[in-house]
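Data first, discussion second: the structure below is written as structure tokens.
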There are 2 protein chains.
Amino acid sequence: MQALTIVPSVADSARLADVPEPPIADGPILARMLALGVCGTDRELVSGRYGVAPESQDALVIGHESLARVIEAPDGCGFSSGDHVVGIVRRPDPVPCASCAAGEWDMCRNGLYTERGIKGRHGFAAERIRLEPEFAVRVDPQLGLTAVLVEPASVIAKAWEQIERIGSRAAAWAPQKVLVTGAGPIGLLAAMMSVQRGLETHVFDRTSDGLKPRLVDDLGARYHTGELSSLADLKPDVVIECTGASAVVLEAIELTGPLGITCLAGVSSGGHALNLDVGLLNRTMVLENDVVFGTVNANRRHYENAAASLARADATWRSRLITRRVPLWQWRDALRREPGDVKVVIDFENR
Amino acid sequence: MQALTIVPSVADSARLADVPEPPIADGPILARMLALGVCGTDRELVSGRYGVAPESQDALVIGHESLARVIEAPDGCGFSSGDHVVGIVRRPDPVPCASCAAGEWDMCRNGLYTERGIKGRHGFAAERIRLEPEFAVRVDPQLGLTAVLVEPASVIAKAWEQIERIGSRAAAWAPQKVLVTGAGPIGLLAAMMSVQRGLETHVFDRTSDGLKPRLVDDLGARYHTGELSSLADLKPDVVIECTGASAVVLEAIELTGPLGITCLAGVSSGGHALNLDVGLLNRTMVLENDVVFGTVNANRRHYENAAASLARADATWRSRLITRRVPLWQWRDALRREPGDVKVVIDFENR
């Protein structure tokens with residue numbers, strides 16, 4: 001079958017390769033890929049800055065935002081032929097840390113996890129994949145192609161769970177205003193979940209026209225562009241930072257009001273030094289009881305919450321998040337950023 | 001009676017003044033001050049950088065770390081003549097925010113609180129004070145003079161409560177190693193509470209000799225000095241940052257392991273810019289699910305927890321934290337930092 005592979009740490013080694021059928025070791029559920037979402041991590045993998053091949057192999061099949069249809073599944077495993085499934089990305093080490101043993105592999109403490117398509121396990125950019133039942137999530141076929149958004153939405157479902165758990169440190173925590181920085185897929189999904197919670201939702205992005213402002217408006221949220229500092233009076237209770245851009249990260253932290261929670265959900269690349277008054281930032285955080293936290297990955301319940309959240313969203317709205325559908329053989333186009341992109345998917349049914 | 005007053009925002013306006021007896025409006029409990037702890041906030045107040053006088057008054061009686069003996073208290077108020085009491089510093093606004101209404105005035109959302117000796121209310125640097133029963137905490141007389149440490153310890157009792165509440169966001173959170181930066185009174189009390197929790201406790205301070213290393217050793221914790229970066233392999237689960245020094249704050253955040261929690265408990269003055277790779281810091285926080293939070297002040301249960309924690313500590317150890325006792329008329333000596341100081345108190349019984 002065909003799969004999109006890289007040689008980790010080798011820049012531009014990505015190619016569409018003939019690879020063996022997925023091994024039974026990957027799990028008893030065999031599924032045909034329907035769609036694969038592409039994200040910044042995939043571009044990092046292709047650039048050679050990230051990624052680990054499975055043990056004693058040179059190449060890694062990439063891809064971690066999946067939607068597949070079950071071809072065969074053992075009786076009693078909870079899945080049947082025809083089910084639409086999304087694969088969970090992270091797997092605990094065979095000797096799990098306490099977090100992984102508790103099912104919270106997203107909070108892994110020893111770093112020995114593997115991740116499909118990223119770290120030590122082949123991913124989902126292949127015509128057929130295999131999954132273990134415990135790492136497969138059945139999704140409503142009515143979600144259609146938008147079920148490919150379950151994985152990125154799971155990261156934000158986790159972020160929201162963390163925000164709420166951390167917020168509960170104060171007896172009377174009752175957030176009203178949320179600011180999301182960045183209107184890419186993660187930012188838009190964060191805003192969607194904010195609106196679903198009944199919160200006044202603001203989204204900031206540097207793009208001033210095109211689809212993003214309309215998607216935000218249609219969600220019932222407010223779109224802002226220009227200078228982030230112009231939102232100084234907003235005093236959001238929660239900021240969800242989805243750009244990873246250093247200057248935005250810092251301004252976001254300073255924007256919150258007392259008891260502010262800033263959730264860092266964007267992975268930055270590092271190497272951008274800024275001149276910063278750490279003393280003032282520290283003072284503000286202390287006197288306002290502010291929290292800043294980072295969040296990554298998701299566990300099973302976050303995938304389930306993400307699927308439920310997407311199902312509650314307007315069907316047209318969520319389908320507009322997928323701005324390009326590219327056949328597998330045109331994978332290079334899928335990896336290239338184009339103006340107006342929100343989520344680009346490789347469409348395995350379009351040949 | 002005599003009281004130590006400042007004119008807020010006027011540098012070096014501090015003086016020992018004759019002031020009227022405390023007004024009934026301050027509360028029905030009349031008490032004689034036994035001891036007053038002096039801290040960095042008092043020095044900020046005296047320098048003119050901080051502080052608000054009560055409405056329509058020019059001067060502010062400072063002092064917020066109190067220990068007093070009740071002279072008279074109304075029947076049925078829960079306090080009796082002879083009780084040792086500590087005054088709670090912060091008071092909610094008459095129209096309280098949701099946090100203040102829930103008794104968590106330390107998590108005030110609207111900033112309209114007042115603070116005795118700091119913001120809008122006279123403090124405890126006076127021969128006699130009055131307190132409302134709901135803002136007075138009875139302490140065990142066996143604590144002796146060390147009950148004056150209840151207020152600073154309350155700030156750290158709150159910090160520990162916040163650490164544990166935030167930590168519970170992960171199902172399997174079970175901290176083992178704690179690093180405290182700064183071995184002043186707050187740092188030593190943080191280490192005391194860490195050891196009481198059965199945690200492996202490390203304390204870092206720039207002082208290499210004198211009392212602080214011995215106090216840390218005698219607690220059963222490990223003392224470190226020199227370069228903070230030499231602790232890179234320690235990977236503490238929790239860092240309690242008590243210096244407020246910008247460089248230390250940043251290094252502390254970077255030191256934690258996965259799921260790390262950095263508690264900022266030191267108020268810095270600002271104005272010290274550092275060149276910082278925010279991108280790298282952001283990336284580490286995201287990939288490790290790290291939290292950084294600021295904490296200030298304390299509510300009633302934190303004072304009670306602090307008193308209980310001090311009572312559990314070795315009596316000799318806690319008494320060694322008070323390194324100088326100065327009579328009221330020598331208040332200038334109390335405010336001056338001297339080598340070897342840990343906690344300096346004004347001793348009202350020593351005339």
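Every chain is numbered from 1, with letters handed out A, B, ... down the list of sequences.
The two residues A/N282 and B/G266 have their closest heavy-atom pair at ND2-O, 2.7 Å. Considering every non-hydrogen atom in both B/F293 and A/M285, the closest pair reads CA-CE, 4.1 Å. Shown here for A/T295 and B/V286, the closest heavy-atom pair between the two residues is O-CG1, 3.2 Å.
When each of B/A102, B/C263, B/A170, B/A247 is checked for heavy-atom pairs under 4.5 Å with chain A, B/A170 comes out on top. Here A/V267 is the residue among A/V267, A/I261, A/T284, A/L280 with the most heavy-atom pairs under 4.5 Å with chain B. By number of non-hydrogen pairs under 4.5 angstrom with chain B, the leading residue of A/I166, A/L264, A/L276 is A/L276.
With a 4.5 angstrom heavy-atom cutoff, B/A174 touches chain A only via backbone atoms. In this structure, the portion of B/D237 lying under 4.5 Å from any heavy atom of chain A is its side chain and not its backbone. For a residue to count as touching a neighbouring chain, one of its non-hydrogen atoms must lie under 4.5 Å from one of that chain's; by this rule B/L259 touches chain A with the side chain only. Only the backbone of B/C108 comes within contact range of chain A, with at least one heavy atom under 4.5 Å from a heavy atom of that chain. With a 4.5 angstrom heavy-atom cutoff, A/D290 touches chain B only via backbone atoms.
For A/R206, the CZ atom sits in a loose shell: 12 or fewer heavy atoms of surrounding residues, nucleotides or ligands are nearer than 6.0 Å. Within 6.0 Å of CD on B/E227 lie no more than 12 heavy atoms contributed by other residues, nucleotides or ligands. The number of heavy-atom neighbours closer than 6.0 Å to CZ of B/R43, taken from other residues, nucleotides and ligands shown, is above 12.
In this structure, A/N289 and B/V296 have side chains that are in contact, with non-hydrogen atoms separated by less than 4.5 Å. Taking the side chain as every heavy atom from C-beta outward, A/V291 and B/V292 never approach each other to under 4.5 Å.
Side-chain N or O atoms of B/S99 include none that pairs as donor or acceptor with a backbone N or O of A/A172 at under 3.5 Å. With hydrogens and angles ignored, the 3.5 Å screen pairs no side-chain donor or acceptor of B/S246 with any backbone N or O of A/V278.
Here the options are B/R169, B/E164, B/R165, B/E104, the test is side chain to side chain contact (heavy atoms under 4.5 Å, CB included), and the partner is A/R169; only B/R165 passes.
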